[in-house]
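Okay, structure first, notes after.
Values in this document were obtained by computation on a predicted structure and should not be read as measured data. These values consider heavy atoms only, across backbone and side chains, with no hydrogens, waters or symmetry-generated copies. Residues: numbered from 1 along the sequence shown.
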Amino acid sequence: MVKVTGGGARVGAVSAHLGYISRQGKLELETDEGERIKGRDEHKTLLKSWHLELSAGQYRRQNERGGPARTLKLVHNIVLSMPAPTPPEKVLAAARKFAKEKFALQHRYAMALHTDQQHPHVHLVVKAESELGRRLHIDKLLLRQWREDFARMMREQGIEANATSRVVRGRNKGSVKGSIYRAEQHGKSRAVRERVTAIAQELSQTGAVRDLARAKLIETRKAVVASWTKIADVLDAQGELTLAGNVRYFANHLPPVLTDMEKLAQQFVRYIKMQRSAERDGPVKDRDKESELVR
């Protein structure tokens, strides 16, 4: 996994993040110059050498509505991760090569290896502005390329790794961001309430929920199935009949296509059925815990 987790817009925020990834100075940070530093004093010296204060006030986006300008990121916070039981030293070696290949002599950076969770991972902090004054812009295409490159570097370390998208693996969209999820769970999300109201109105009028995004998801699923089928055909030609059968089984049993609206509609219908059952049969113990719909 290669993931961008944010980035500080103020020098103080960057300093705090370095403190976090170094476990408040207990872990070593490895820099783009090959140095290994430890302790808050050395962190301060490192940040001074990055001259973040020079770029902090130079690059601001004008608010489209005429409001106050917004400061751009000073750094990008990146995480490179592999699942257990990948040896942590292999992850660090691949991360070291990744950082050197992508940023050396262009963007200053520092990294730290974490092994306190099941999956070993490296936190990489990259200065957003290069030594020549150019800014690093990370989009989906670049991130996909980074994942492929990191997987290649892990294979060079003798670790089987592939960069496949969630769609190709047959997985639905990942978890909702923490603050949004917590708001929804406690019934404080106005957006969710508005969507549920719209769903209820459409169900009452038409008996079904139609989402325009469904057609695009269906086409994506067809393309994914077609790609896996071609792989199975190649395996057949190579005599790998068992593996080809497994690939076809996987492709034919991908999760059904459901948009976010359709998933929410399913939750709403289950909630209504449970409420009606409770009214008919009496209170259900711990009914609130059983409900999947945010009220």
For this session: Indicate yes or no: at least one non-hydrogen side-chain atom of M154 is less than 4.5 angstrom from one of F98.
Result: no
Hydrophobic cluster identity match, L136 and L47, side-chain contacts under 4.5 Å:
no
d(Q238 CD, L243 CG) to nearest 0.5 Å is 9.0 Å
What one should report as the nearest heavy-atom pair of F150 and A95 is CE1-N, 3.9 Å
In this structure, CH2 of W50 is separated from CD of E131 (nearest 0.5 Å) by 10.0 Å
Just wondering, are more than 12 heavy atoms of other shown residues or ligands nearer than 6.0 Å to CD in E101? yes
Sorted by chain and number, sequence neighbours left out, salt bridge (Lys or Arg N to Asp or Glu O under 4.0 Å) with E219 holds for K222
Discussion item. Do V4 and I21 land in one hydrophobic cluster if side-chain heavy atoms of ILVMFWY residues count as linked below 4.5 Å?
Written reply: no
Could you tell me whether the side chain of R221 and the main chain of L254 form a donor-acceptor pair under 3.5 Å?
yes
Practice problem: Could you walk me through whether T5 and I78 pass side-chain contact (heavy atoms from CB on, under 4.5 Å), step by step? | Solution: CA-CA 6 Å; T5 60; I78 303 169; over 6 Å; no
Task: Whether over 12 other heavy atoms sit under 6.0 Å from R23 CZ - done: yes
| task | Apply side-chain contact (heavy atoms from CB on, under 4.5 Å) to D32 and F103, showing your working. | result | CA-CA 8 Å; D32 56 301; F103 309 120; over 6 Å; no
Q.
Taking the basic N atoms (NZ, or NE/NH1/NH2) and the acidic carboxylate oxygens, is any pair closer than 4.0 Å for R152 and E156?
A. yes
query: Would you say Y109 and L18 are hydrophobically clustered, going by side-chain heavy atoms of ILVMFWY under 4.5 Å?
result: no
Only one of L46, V125, V126 passes side chain to side chain contact (heavy atoms under 4.5 Å, CB included) with R108, and that residue is L46
Within a radius of less than 6.0 Å around CD of E160, do more than 12 heavy atoms belonging to other residues, nucleotides or ligands occur? no
- Query: Can you tell me if T229 uses its side chain to pair, donor with acceptor, with the backbone of V225 under 3.5 Å?
  - Reply: yes
- Query: Can you get from I272 to V269 by hopping between Ile, Leu, Val, Met, Phe, Trp and Tyr side chains that sit under 4.5 Å apart?
  - Reply: yes
Here the gap from L29 atom CG to H123 atom NE2, rounded to the nearest 0.5 Å, amounts to 11.0 Å
Heavy-atom closest pair (A232 atom, A244 atom, distance to 0.1 Å) is O-CB, 3.5 Å
So NZ of K97 and NZ of K102: to nearest 0.5 Å the spacing works out to 10.5 Å
d(I37 CD1, L27 CG) to nearest 0.5 Å is 12.0 Å
Would you confirm whether K38, through its side chain, and K26, through its main-chain N or O, come within 3.5 Å as a donor-acceptor pair?
yes
Requested in this report: For side-chain contact (heavy atoms from CB on, under 4.5 Å), just list the numbers for R248 and D233, CA-CA rounded to whole Å, side-chain angles, deciding distance to a tenth of an Å, and then say yes or no.
Outcome: CA-CA 9 Å; R248 287 194 178 92; D233 292 341; 2.7 Å; yes
- Query: Sub-3.5 Å donor-acceptor pair from the side chain of R147 to the main-chain atoms of V2, do we have one?
  - Reply: yes
Is there a donor-acceptor contact under 3.5 Å from the side chain of H107 to the main chain of K127?
yes
Are the side chains of D236 and L241 in touch, meaning some heavy atoms are under 4.5 Å apart? yes
query = Quick one: are F250 and V247 in side-chain contact, heavy atoms under 4.5 Å?
reply = no
Is there a side-chain contact between E53 and K48, using heavy atoms and a 4.5 Å cut-off? no
Rounding to 0.5 Å, atoms NE2 (H119) and NE2 (H114) come to a distance of 10.5 Å
Taking the side chain as C-beta and beyond, is there a heavy-atom pair between K73 and R135 under 4.5 Å?
yes
After noting the C-alpha distance and the side-chain angles of I138 and W146, does the key distance pass the side-chain contact (heavy atoms from CB on, under 4.5 Å) rule?
CA-CA 10 Å; I138 305 175; W146 281 1; 3.7 Å; yes
query: Within the side chain of H43, is there an N or O that forms a donor-acceptor pair under 3.5 Å with the backbone of S15?
result: no
**Prompt:** Do the charged groups of D139 and R144 touch, with an N to O distance under 4.0 Å?
**Reply:** no
Report task. Please examine the side chains of M111 and L92, heavy atoms only from C-beta on, and report whether any two atoms are closer than 4.5 Å. Result -> yes
Next on the checklist: Any heavy-atom pair between the side chains of H121 and V91 that's under 4.5 Å?
Outcome noted: no
task: Tell me whether L143 is reachable from V122 by hopping between hydrophobic residues (I, L, V, M, F, W, Y) whose side-chain heavy atoms are closer than 4.5 Å.
output: yes
